[in-house]
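Let me begin by presenting the structure, written as structure tokens, before commenting on it.
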Amino acid sequence: QVQLVESGGGLVQAGGSLRLSCAASGRTFSSYAMHWFRQAPGKEREFVAAIGWSGGTINYADSVKGRFTISRDNAKNTVYLQMNSLKPEDTAVYYCAADQMLRISEPLRQYEYWGQGTQVTVSS
């Protein structure tokens with residue numbers, strides 16, 4: 001089992017920044033690819049970013065390219081999402097997900113472990 005706990009969400013003005021963290025416990029963190037998703041009210045959960053187990057492979061949704069940066073620290077069992085130039089449309093609950101495979105925008109059931117999410121609200 002892998003337990004994931006997100007943190008770092010909050011309320012920020014448009015143009016501001018936040019850094020989300022996802023702390024993992026349980027099985028070997030470094031053997032898992034890590035992913036960030038988000039879900040806005042009334043919308044489906046959507047892929048945001050992914051990073052391979054070594055950090056060498058990274059992928060972003062087009063909507064966040066150039067603004068968000070995913071990274072990981074395997075020594076701390078933590079994956080991060082640095083979010084800059086935030087827009088009101090970035091408002092959502094942000095979730096991290098772990099899987100032994102790097103998955104890009106695959107059906108949610110393919111991802112083995114999920115956190116509980118952290119709320120990000122961007123005011124205009």
Side-chain angles (χ1 to χ4, degrees):
Q1 287 285 341
V2 174
Q3 293 80 39
L4 302 174
V5 179
E6 301 95 336
S7 62
L11 174 64
V12 64
Q13 288 188 335
S17 298
L18 282 174
R19 187 177 81 155
L20 306 183
S21 300
C22 173
S25 60
R27 291 187 178 179
T28 306
F29 174 76
S30 61
S31 66
Y32 284 83
M34 298 299 297
H35 313 77
W36 284 99
F37 284 76
R38 65 187 182 186
Q39 188 166 16
K43 295 188 177 181
E44 294 185 351
R45 194 170 299 188
E46 65 176 3
F47 170 81
V48 173
I51 187 167
W53 63 270
S54 70
T57 302
I58 289 176
N59 193 281
Y60 296 100
D62 288 343
S63 59
V64 306
K65 280 181 182 176
R67 300 188 299 122
F68 291 10
T69 302
I70 189 171
S71 62
R72 66 189 296 159
D73 185 338
N74 287 342
K76 296 183 177 179
N77 286 2
T78 302
V79 62
Y80 304 98
L81 186 68
Q82 177 67 44
M83 305 186 295
N84 298 329
S85 302
L86 282 162
K87 305 175 182 180
E89 51 263 44
D90 294 317
T91 295
V93 177
Y94 283 71
Y95 300 88
C96 64
D99 196 88
Q100 292 191 351
M101 293 183 62
L102 183 72
R103 301 183 183 277
I104 308 302
S105 295
E106 295 192 22
L108 302 182
R109 65 181 180 275
Q110 300 282 16
Y111 299 82
E112 191 169 3
Y113 300 105
W114 289 89
Q116 294 299 306
T118 185
Q119 175 71 47
V120 171
T121 303
V122 184
S123 63
S124 57

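Numbers here simply count residues along the sequence, with the first being 1. All values derive from a computational prediction rather than experimental measurement. Heavy-atom basis, side chains included; hydrogens, waters and symmetry copies ignored.
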Checklist entry - Between D62 and K65, is the closest basic N to carboxylate O distance under 4.0 Å? => result yes
Item to check | Criterion side-chain contact (heavy atoms from CB on, under 4.5 Å) on E6 and V93, from CA distance to verdict | outcome: CA-CA 10 Å; E6 301 95 336; V93 177; over 6 Å; no
Next on the checklist: Please verify the inter-ring angle class for F68 with Y94; under 30° counts as parallel, over 60° as perpendicular, anything in between as tilted.
Outcome noted: tilted
Checklist entry - Should we count CD of Q13 as having more than 12 external heavy atoms under 6.0 Å? => result no
Checklist entry - For atom CD of E46, is the number of surrounding heavy atoms from other residues, nucleotides or ligands below 6.0 Å larger than 12? => result yes
Quick check: does any side chain N or O of [X] sit under 3.5 Å from a backbone N or O of [Y], one acting as donor and the other as acceptor?
| X | Y | result |
| --- | --- | --- |
| Y111 | C96 | no |
| H35 | F47 | no |
| D99 | E112 | yes |
| R45 | L108 | no |

Next on the checklist: If I compare all heavy atoms of G9 with all of T118, which pair ends up nearest, and what's the gap?
Outcome noted: N-OG1, 3.2 Å
Next on the checklist: Could you see if F37 belongs to whatever hydrophobic cluster contains Y32? Use Ile, Leu, Val, Met, Phe, Trp, Tyr and a side-chain cutoff under 4.5 Å.
Outcome noted: no
Next on the checklist: Would R72 and I70 count as a side-chain contact (heavy atoms from CB on, under 4.5 Å) here? Give the steps.
Outcome noted: CA-CA 7 Å; R72 66 189 296 159; I70 189 171; over 6 Å; no
Next on the checklist: Name the residue from D90, T121, V120, L81 that meets the side-chain contact (heavy atoms from CB on, under 4.5 Å) definition with L18.
Outcome noted: V120
